[in-house]
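Remember, it's 1-based here, ligands and their atoms both numbered in the order they're listed. Numbering of residues begins at 1 and proceeds along the displayed sequence. The figures that follow rest on heavy atoms only: side chains count, while hydrogens, waters and symmetry mates do not.
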Amino acid sequence: MEIKKDSKVKKLKAKLLEQNKELKSAKKEIVRLQKEIIHLDAQKEEFISMAAHELRAPTTAIKGYISMVLEGDAGDISERARGFLTDARATNERLIRLVSNMLNVSRIEKGKIVYQLERVSLGKVALQVYDDFKYEAGRKNLKFTVKASKNVNDHIYIDPNRVHEVVTNLVSNAIKYTDVGQVSIRVKKSDDNKYVRLEVEDSGPGIAEEERSKLFKKFYRINTTAGKTIGTGLGLYICKLIVKNFKGKIGVTSRYDKGSIFWVELPLIEDL
Ligand SMILES: Nc1ncnc2c1ncn2[C@@H]1O[C@H](COP(=O)(O)OP(=O)(O)O)[C@@H](O)[C@H]1O
Ligand SMILES: [Mg+2]
């Protein structure tokens, strides 16, 4: 009986030792993989930022040439040519936005951006962005509206370029991912009157509950909605970084298949 027990203990001991060895080598492998991931991540960052830099100059040049021709610098052009060029300009604008997201993400992450703080009316930003996207929304036959009351205090203390970027990303998504129906932008005060709230509502595919928290992560795209479109999955991540930096909040409410409302709240400057 004793002997049997002894050999059982021995066997178990050997097994344990074996498992311990395996664990150690697994741990080593994990450390190695972690290092590799960090290295790959750095390489990816470097590639993105290099690609964005290289793309910036040509896209800006294209923008300039298209504008010149549209403004008549090359003589009269036919309505048909004007139509094609207007399309080309809108596509190029999309490319410029993409490149700007790629460039800005690492700058913002590394805290390399110097913010120029100003008193900004969020309603005015909404109206500007509305103008920027009127054409694109029209092309997709979407009903596109903006509602921002001029009589309401909607001032925030923020870098105007950065808040413009946030609203642009939300509106461009709404239009990009909505095939039929409407996109509307609204600016109002938050329920507690401490924030200015901007909402971008669309009648697009909506976002399933399990995806909602992941959307704001870096590079995250939902296959079912993003599938056919070009994009980087950086837009909402950048929005979140910016909004957080200015002590605001960002989120989404959505009913799957019924569209989404992306919203941002930024601290209101109280007028004395
Ligand atoms: N209004 C929207 N309706 C449906 N899906 C959306 C909407 N906005 C964003 N998404 C989803 O969230 C993902 C992340 O958005 P974003 O960070 O802007 O990256 P990108 O637009 O480059 O893919 C998109 O790929 C898309 O799947
Ligand atoms: Mg986007």
Item checked: Pairs where residues 60-86 contributes a residue and the test salt bridge (charged side-chain N to carboxylate O under 4.0 Å, His left out) is met, not counting sequence neighbours -> Lys63-Glu93, Glu79-Arg82
Note to self: So which atom in Ser172 and which in Arg97 form the shortest heavy-atom distance, rounded to 0.1 Å?
What the structure shows: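 Scanning both residues, the minimum pair turns out to be CB-NE, 3.8 Å.
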Check: At distances under 2.8 Å, what protein N, O or S atoms surround the Mg ion (ligand 2)?
Finding: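 Listed by chain and number, the nearby protein N, O or S atoms are Asn173 OD1.
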Item checked: Side-chain donor/acceptor of Asn169 to backbone N/O of Glu165, under 3.5 Å -> yes
Checklist line | Whether Asp154 side chain and Gly123 backbone form a donor-acceptor pair below 3.5 Å | finding: yes
Next item on the list: Show the protein residues that qualify under the rule heavy atom under 4.0 Å from an atom of ligand 1, listing them in chain and number order.
Entry: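 Around ligand 1, where the cutoff is 4.0 Å for heavy atoms, the contacting residues are Asn173, Ala174, Lys176, Tyr177, Asp202, Pro205, Ile207, Leu215, Tyr220, Arg221, Ile222, Thr225, Ala226, Gly231, Thr232, Gly233, Leu234, Gly235, Leu236, Ser260, Phe262.
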Note to self: Check this for me, if you would: do Arg197 and Glu199 make a salt bridge, where the nitrogen-to-carboxylate-oxygen distance has to be below 4.0 angstrom?
What the structure shows: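 Yes, this pair counts.
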Notebook entry, point to check: Does NZ or CZ of Lys217 fall inside the cone over Tyr237's six-membered ring, less than 6.0 Å from its centre and within 45° of the axis?
Noted result: no
Notebook entry, point to check: Does the cation-pi check pass for Lys240 over Phe216, that is, NZ or CZ under 6.0 Å from the six-membered ring centre and within 45° of its axis?
Noted result: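 Geometry flag: set, cation within 6.0 Å and 45°.
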Margin query: For residues Trp263 and Val196: do they belong to one hydrophobic cluster (side chain heavy atoms under 4.5 Å, members Ile, Leu, Val, Met, Phe, Trp, Tyr)?
Written below: no
Margin query: Going by ring pair (Phe, Tyr, Trp, His ring centres under 6.0 Å), name the pairs with one or both residues in residues 69-118, residues two or more places apart or in two chains.
Written below: Tyr115-Phe246
